Every structure is written in C-alpha cells, then in structure tokens.
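What follows is a short report on a single structure.
Proteins come first, then strands; the chains are lettered A, B, ... in the order of their sequence lines, and each starts at number 1. Please read all numbers here as calculations on a predicted model, not as lab measurements.
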Amino acid sequence: MNRYDPIKIEQKWQAVWDTTHPFKATEVNNQPKMFLAEMFPYPSGAGLHVGHVRNFTIVDVLTRFYTQQGFNVMRPFGYDTFGLPAENYAIKTGIAPQEVTEQNISNFRKQAKRLGFAIDWTREINTSDPEYYKWTQWCFLQLYKKGLAYQKESYQWWCPVDQTVLANEQVESGHCWRCGHEVEKKKMKQWFFKITEYADELLADIDALDWPDKIKTMQKNWIGRSIGAEIDFDIVQEGSKSTKPSSSSKSSKSSKSRQSKANHTVTIATSDSDINREDDISFRHIKVFTTRPDTIMGATFLVVAPEYPGLDYLLTDDTRDTVIKYKQDALKKSEIERQENKEKTGVFTGSYAVNPATKEQIPVYVADYVLASYGTGAIMAVPAYDDRDREFAEKFDLPIIEADLIDRDLYGTPKTTYRMRDWLISRQRYWGCPIPIAYDKEGNPHPIPEDQLPVMLPEIQDYQPDKSGRSALAKATDWLKVQIPIKDEKTGKIHLEEMTRETDTLDGYACSSWYLWRYASPHDKAAAWDPIAIKYWEPVDVYVGADHAVAHLLYIRFWCKFFADLGYLPFREPIKKLIYHGYINAPDGKKMSKSKGNVIDPLDVINDGYGADTLRTYEMFIGPVELDAAWDPRSVGGVYRFLNRCYNLCFKSDDFASPEDIRDNGSKPSDPEAKQNIIIRNKTIKKVTTDIHKYQFNTAVAALMEYVNELYKQGASEEDLIILAKLLKPFAPHLASEMLEHLNATDEWPSWDNQYLVSDTIELVVQVNGKLRSKLTVNASDLSDKDNITKLALADPRIAKYTSDGIKKSILVPKAKLLNLVV
RNA sequence: GGCCGAGUGGCGGAAUUGGUAUACGCGUUCGACUUAAAAUCGAAUGAGGAAACUCGUACGGGUUCAAGUCCCGUCUCGGCUACCA
C-alpha cells in the first residue's frame with residue numbers, strides 16, 4: 001500500500017524544478033512585480049542551521065504565494081563571503097579562503113535545493129567574486145569622489161610588542177591576548193564613510209517605513225540626535241585673572257576653589273605629538289556642547305575628555321605630570337572598563353575658564369566620564385541639574401549652584417549633534433574587498449582609475465598578517481606596486497607614476513550595502529546595476545532577516561540615499577517591508593551552540609524521515625514570526641502527522657468515510673452537509689490568504705490543520721482536496737505538487753466567495769449581564785430583528801430564570817452573533 | 001539608569017481589535033484496530049463541583065451592557081542601549 005514518503009516525493013519534485021527552472025524571473029510589464037529577499041547568508045562550513053531555514057522559508061512562502069497569485073516574482077540568492085572565519089581558517093591551514101568559500105557555497109546551494117526553495121538560480125551572487133567586488137570598489141570611488149570616503153586619525157588598540165593593532169575582543173583586561181603585554185591606544189589613519197552627512201534624512205525617513213517598531217526605535221536611538229548649543233568659554237591666562245569677580249552671594253561659594261589655585265601659569269606644551277595645531281580649538285577657548293544652555297548660570301566647572309585635542313594647552317608646570325599620567329591611564333582603559341567603573345575620576349588641569357553668563361572663573365578638569373568622540377569633547381558641568389556632574393562635584397568638592405534658568409539662545413549658538421559616528425570601514429585584513437586607493441611617495445591617496453577595476457585580491461601563500469599590523473596583503477610586494485596616471489597641472493599631459501596600493505580592505509558591510517540592487521542585473525558587465533532593471537524590480541518589497549538591526553539596515557539606507565542623490569537610483573529607501581524574525585533556540589530554551597551540544601541540524605531532521613516539507617511547515621507553525629521560539633521535537637512530529645493526514649486524504653480516500661453524495665462537481669449542492677463543506681472551504685481560503693498577507697504564518701498553518709480535521713469529519717470532495725493542495729503549497733511545496741498532479745489541477749491561488757462565508761442558520765450567543773447563559777440556533781436573516789431575537793431568547797428556560805423580573809435593555813451585536821440582556 | 005516590548009491551561013501559542021477566553025499543535029487519559037507493539041482512526045482534557053453553578057488571561061483599582069483587549073497604580077520577566085552632556 002502506498003504511504004506518505006516525503007523523501008521520495010521531494011526528490012522527484014526537486015529534480016523537476018532543477019530541470020525546468022520555474023522560478024526564473026524576467027522583466028514583464030503587464031504583471032505586478034514582487035521582489036522578495038532574505039538577508040543573504042555567510043556560508044559557514046557548518047552548513048544551514050535552523051535559523052537559516054526559518055529565514056529562507058518565510059521568503060519561500062511569500063515567493064510561492066505571490067507566484068500562485070500571478071505576480072511576477074523575483075527571489076534571488078546570494079552569499080556574503082568576505083570575513084574573518086575564512087581568513088582565520090586560511091591562517092591556520094594555509095588553504096586559500098577562495099577555495100573554502102567555494103566549497104561552502106556549493107554546500108549551501110545543495111542544502112537550499114534540498115529544502116525545495118523557489119530560488120532563481122540564475123541570480124546567484126557572491127561578494128568575493130571579482131565580478132562582484134569590482135562594483136563594490138566602484139561604489140567606494142563614487143563615495144570618495146564626493147568626499148564621503150575619507151581618511152582620519154583615530155585611536156586603535158596597539159600592542160607595542162607584537163607591533164599590531166588589536167580588535168576590542170583581542171584585548172583582555174588591558175593586555176594583549178597573544179603576548180600578555182599591556183596594550184595602548186594609538187592614533188592611526190583609518191578610512192571612514194561619512195554616514196553622518198545623511199543623519200537627518202536617515203532619521204526623518206524612519207517613521208514612514210513599514211518596519212517593526214523595535215528596529216525603527218533602535219535606529220532612532222543609534223542616530224541619537226540631540227538639539228542643543230555650542231558655547232565658547234574663554235580660558236583665563238596669566239595676568240587676566242582679574243576678570244570681574246562677582247560679589248553676589250551665589251558666587252561666593254565658587255570663589256573658594258578658585259582662590260586656592262589662583263596663581264597658576266599657563267604654558268604651551270610642545271611635547272605631546274597628539275596635538276594637531278591645525279585643529280580649530282583655540283588655546284584661548286574651550287567650546288562645549290550642551291543640550292541645556294538654559295542652565296548655564298549653574299555651570300561651576302568645565303570638564304574635558306582625556307583625548308581632548310587642546311588638553312596640553314591647559315596644563316601648567318604644577319599639573320602637567322599628574323594630568324599626563326591621568327591621560328595615559330585613561331587611554332589604557334577600554335570603553336567597557338570606563339563604563340563599568342562609574343566612580344568618577346579626574347584631575348584639575350591648572351586652567352580656569354570664564355562662564356560667559358556669570359563672568360565667574362571656573363576650574364577646568366579632565367575626566368574620563370566625558371567622551372572625546374561626542375559633541376566637542378568638552379562639557380560645561382552643571383552639578384545642580386546633571387547627576388553625573390553632581391557626583392563629580394561632590395567628590396571634588398566643587399560648588400553646586402541652584403541657579404535660575406535663562407533664555408536658551410543667550411550665550412550659545414544652536415547646534416545639533418548625533419550619537420552616530422562616521423562609519424569606520426578600513427580593516428587590516430586580507431580576506432576583504434581591496435580598497436581601490438594607491439599612495440604616492442608623499443603618502444597622498446589617489447583613487448585607482450575605474451577602468452583598472454577590479455583591484456584583484458592577489459593569491460598569496462602565507463595569510464599571517466605582517467608585523468606592522470597590516471594585513472597579509474602588505475607582503476604581496478609585486479601586487480603593491482601600481483602605475484597611476486597623473487595629469488600634470490601645468491602641461492595637462494598625463495604621465496604614469498608608480499604608487500603603493502592601500503593594503504586595508506573594506507568592512508564586509510560595504511559589500512552588503514548594495515547587493516540588493518545587483519540582484520536586478522546580477523551579471524551586468526557594464527555597470528553595478530542596470531537602471532532599467534532597477535526601475536522595474538526595486539525597491540525590495542519584502543526583506544527578511546534576524547540580525548543587523550542597525551548596522552546593515554542603516555548602511556544600506558545610507559547608500560541608497562547617496563546613490564539616489566547621484567541619480568543612480570530612482571528611490572530613497574531600499575526596503576519597503578521588513579520582517580525581522582525571532583531566533584530558534586534549543587529545546588531547553590537556550591541559544592543553540594556547538595559547545596553546549598544542543599544544536600539541531602535541519603538536514604538531520606529531513607534525513608530522519610520527516611522531509612523538508614515537515615521541517616518548513618513546522619518552522620512556520622512554531623510561533624509568531626517576530627518572536628524567538630524553542631525547538632520542540634514532539635511538535636515536529638505533530639506537523640508530520642498533519643502532512644500525513646493531507647496525503648492520506650488525497651491518496652487513500654477509500655480508507656475512510658468519503659460520502660459520494662457530497663462531491664459537488666462544480667455544481668451548487670443542495671445537500672446541507674455539502675453546503676457545510678463549501679462554507680469551511682471558503683473560510684479557510686480567506687483565513688490562509690489574509691494570514692499570509694499579515695505574515696501570520698503560524699495561524700495560517702493552524703487554519704489548514706483545522707480544515708483537514710473538518711474534512712476528516714465531513715468527508716472531502718475533489719474540490720476540497722484541490723483547495724487544500726493549493727493553500728498548502730507555499731508551506732509544503734513538494735507534497736502539494738504531488739497532490740495537484742494527482743488531482744490534475746493547477747496551483748493557481750483560489751479566491752473565496754463572501755456568500756459562502758455564512759450559513760443560513762447561525763448560533764447566537766445569549767448573555768445576561770455579559771455572562772454567557774445560553775446559545776440559540778436562529779436564522780441568519782433574523783439577526784437584524786432585535787425584538788424578535790430578544791423574544792426568542794426570553795423564551796429559553798435557561799434565560800428565563802435570570803429574567804423573571806424583566807429586562808432593562810437588550811443589546812444585539814450582529815457582527816459578534818451575540819445578544820446581551822441587561823437585568 | 002534610559003527607551004521599548006511582554007505576562008493567557010501541564011507546555012508552545014489563538015482570540016475579525018471592546019463581544020462565546022484557551023483555536024491549532026504538543027502532552028496526558030480512554031476507546032477502536034492488532035496476538036502484541038508501532039502507526040492510524042475516534043473521544044475527552046482550565047480549576048472546583050454530583051449537578052445547578054462558581055472561579056479563572058501577573059496583582060490592585062477604574063470605565064463599560066460587555067475588558068485578555070481601554071485607563072490609573074503595583075510587581076515580574078525579556079530585549080536594546082548606556083557617563084551621549
């Protein structure tokens with residue numbers, strides 16, 4: 001006897017799809033388009049995990065659903081292949097990352113096919129393919145040309161023994177993870193993208209996005225706009241300390257600390273090479289940023305960050321040693337350590353500043369609770385209004401003045417600042433997209449001409465980074481040399497000049513900041529993307545993922561706005577609808593991890609005999625798409641039983657009651673039992689269709705289960721089975737295809753008929769004072785007649801016993817099929 | 001500390017947005033089939049109670065004919081963020 005054999009059925013249909021390519025998308029203008037994509041995966045050696053399956057199945061359900069509905073659907077696939085795991089593996093084994101990546105991709109492709117995903121395999125992209133990263137480099141050059149890719153000195157962790165930069169994770173409580181030597185912060189030149197240029201627009205456009213509120217809020221917080229003012233404080237120099245001392249009682253408090261340090265000498269230091277004399281921080285002013293310029297009357301001291309560029313100008317002979325020591329200690333601390341230790345620390349710089357509102361001289365401190373990278377790196381401390389300033393004031397015995405508030409604009413210039421910083425994109429790594437820049441003898445950067453792209457990653461033997469903290473690329477001596485055409489300013493002639501290539505590569509997020517546009521013309525040799533294909537397909541209609549809430553999803557919005565400004569994109573937001581789904585945890589509720597040994601391998605689930613359809617349907621049924629869920633092996637069995645019931649209903653219908661008399665054969669049946677089937681069928685079509693539209697896949701599956709349960713009770717007509725197969729196909733495409741073939745039907749998505757959603761008689765709920773007391777079967781047409789319905793209800797003995805004293809009023813709610821009698 | 005979410009049976013979770021609380025699945029129990037088991041099919045399953053009924057959506061109030069849903073307060077748990085001036 002034939003029984004449900006998912007493995008056999010799935011092999012059959014996967015072979016069919018592999019030869020007929022039914023999911024290939026081309027531009028067709030008489031059909032509405034639908035562009036669906038998941039966040040493309042990093043193809044790890046471990047293969048697909050259950051999280052991938054959830055991610056890809058959501059896209060697959062939508063792909064098949066919209067295809068069945070007649071949309072022209074594009075569902076491509078890609079691999080985000082640059083990154084540390086492949087490079088570290090190469091360092092360890094000497095096997096080229098290119099090779100490992102190719103193996104992993106081929107494994108991912110095989111597994112994706114094993115899951116029956118409806119992918120257009122002609123639109124497969126790989127970010128480490130030179131044909132792809134050529135255009136990543138092109139994107140970089142566009143940003144560079146517009147001044148949005150630039151170099152800047154920034155502090156990095158540096159191990160003086162190993163002579164290398166270290167990532168935050170490679171620093172263990174202030175020491176190098178390799179040699180154990182104390183690390184220091186070193187200023188190094190790095191590449192940045194100027195995302196802050198778009199901060200306002202990125203913020204303003206968030207509200208209109210059809211994205212989860214959680215993500216929108218996270219992006220808003222990340223951008224973190226603060227509206228305030230910048231205020232200049234004059235620094236008191238030697239001989240000018242006679243600045244009008246106030247004689248008010250308020251100021252007498254603050255004069256105490258000033259007097260004790262009255263005789264100091266400000267000298268200009270020359271020792272600290274960190275000081276950049278081009279900086280606009282004048283040695284006679286400290287510019288602070290505040291969101292509360294109205295509290296300036298209460299500002300009783302200033303605080304600058306340890307990294308504050310003008311710090312050296314503030315020091316005196318008395319304070320220099322202490323301050324330098326404090327600064328060095330602070331630079332050793334990681335951001336995390338600074339945050340963990342909330343105990344305020346700091347030292348007096350030796351200088352005073354004049355509060356422009358009170359004309360008081362107030363001391364200037366250096367303290368690590370002020371961050372160099374935010375605002376101006378200096379604050380006016382108002383201990384009466386700010387908890388952190390108060391804490392500091394109390395510790396250092398500084399005056400706390402409850403001064404009156406004043407007009408915000410009196411002493412400062414309005415200024416908006418952002419928490420978001422520019423995007424640091426250079427990586428001292430081999431396995432990334434080379435930055436298309438070369439340096440002349442003076443060290444000035446020059447862009448690689450576009451006709452020389454791609455700057456290929458050279459094949460090398462030893463992937464170990466070199467001793468200077470640069471990537472292994474620095475050792476590819478032949479590759480480093482490049483001839484760059486230079487136009488002579490005077491003669492206009494072009495000559496070639498030998499230069500040295502940039503050895504940093506791009507942050508992987510750069511590669512994924514434009515891939516959604518590449519999908520529109522994935523093999524385009526002439527451009528990063530084809531404007532006609534872009535106009536047809538983009539923006540993405542639904543994008544599905546579980547990660548990168550701010551990073552990737554902010555960067556791609558930034559690039560979209562940038563390329564829209566250049567005229568390359570006809571839209572300013574790349575993603576219309578975002579589904580941000582939850583994680584799947586281990587059965588014990590904890591995160592799956594190799595070390596805990598609680599990983600569920602999706603391929604094991606398939607090969608255990610459940611098959612891909614069960615796996616897919618289970619992961620859609622597991623819970624609301626946006627929530628985390630715990631894997632439950634027993635529920636997997638429940639879904640298998642459901643599919644088995646579908647199979648039996650279709651292929652073994654003789655084994656159970658299936659009354660011939662309810663086969664409706666397309667004609668309207670008069671038999672009331674058959675009418676019941678039609679109602680259930682129409683309700684199911686409506687429920688599944690609207691649930692998928694709302695991305696409520698769990699209840700869509702539940703509705704199908706309910707439908708099957710009803711069909712077992714009532715018996716199933718051929719039409720019932722066809723509808724079941726069509727509705728099932730997005731979730732369990734192999735089984736559904738097998739059923740549709742057997743039933744000789746197409747997969748065209750069915751529609752429901754509103755006239756079949758209600759039966760002639762309905763069950764009316766009767767409440768007394770809001771409590772359920774009885775249920776009456778009444779004609780649907782009577783629902784409009786309140787008096788009659790009330791009379792019927794009062795005649796019911798179960799109601800009558802509560803209404804012997806009469807009723808005050810009667811409320812009929814036809815929509816809810818409910819009558820409430822108030823006594 | 002700040003900003004979001006969320007608290008519903010033994011468990012995962014439903015509830016046309018104010019209208020029958022617990023759909024669907026798991027688990028459990030009983031029955032059918034079987035020499036037996038598995039599989040499959042059928043039935044029951046919030047608590048208390050013989051029943052009528054009563055009580056039940058974290059806790060305490062409120063609005064309403066009617067509250068899981070709305071309002072006020074409290075508690076608990078998650079997520080993000082964090083000395084951002």
Pairwise 5' ranking along RNA chain B for A:Asn709 and A:Asn769, keeping only the more 5' one: A:Asn709

Plane angle bin for A:His552 and A:Tyr509 - parallel if under 30°, tilted between 30 and 60°, otherwise perpendicular: parallel

Under 4.0 angstrom between A:Arg641 side-chain N/O and B:C26 OP1 or OP2: yes

Nearest-angstrom distance from the residue atom CG of A:Asn698 to P of B:G12: 14 Å

Atom P, compared across B:A82 and B:G12: separation rounded to whole Å: 32 Å

Spacing of the C1' atoms in B:A23 and B:A14 (rounded, Å): 5 Å

Pairs touching residues 683-700 of chain A that satisfy salt bridge (charged side-chain N to carboxylate O under 4.0 Å, His left out), sequence neighbours left out: A:Lys687-A:Asp691

Within 45° cone and under 6.0 Å: A:Arg681 NZ/CZ vs A:Tyr707 ring: no

Value in whole Å for how far the P atom of B:C24 lies from CZ of A:Arg645: 11 Å

C1'-based separation of B:A39 from B:U34 [nearest Å]: 11 Å

Nearest-Å distance for atom pair NE2/C1', residues A:His581 and B:G79: 17 Å

B:G13, syn or anti by chi within 90 degrees of zero: anti

Aromatic ring pairing A:Phe348/A:Tyr365, orientation class (parallel under 30°, perpendicular over 60°, tilted between): tilted

Nucleotide B:C3, atom P - distance to CH2 of A:Trp222 in whole Å: 20 Å

B:U63 glycosidic torsion: syn (within 90° of 0) vs anti: anti

Closest-nucleotide ordering on RNA chain B, the 5'-leading residue of A:Asp386 and A:Val813: A:Val813

Contact under 4.0 Å: A:Arg419 side-chain N or O vs B:A82 OP1/OP2: yes

Same-atom distance (C1') from B:U28 to B:G46, integer angstrom: 14 Å

Residue-phosphate contact under 4.0 Å: A:Thr217 side-chain N/O, B:C80 OP1/OP2: no

Integer-rounded Å distance: B:A23 P and A:Phe621 CZ: 12 Å

Straight-line distance of A:Tyr640 OH to A:Tyr647 OH, nearest 0.5 Å: 10.0 Å

Spacing of A:Asn820 atom CG relative to B:C65 atom C1', expressed in whole Å: 5 Å

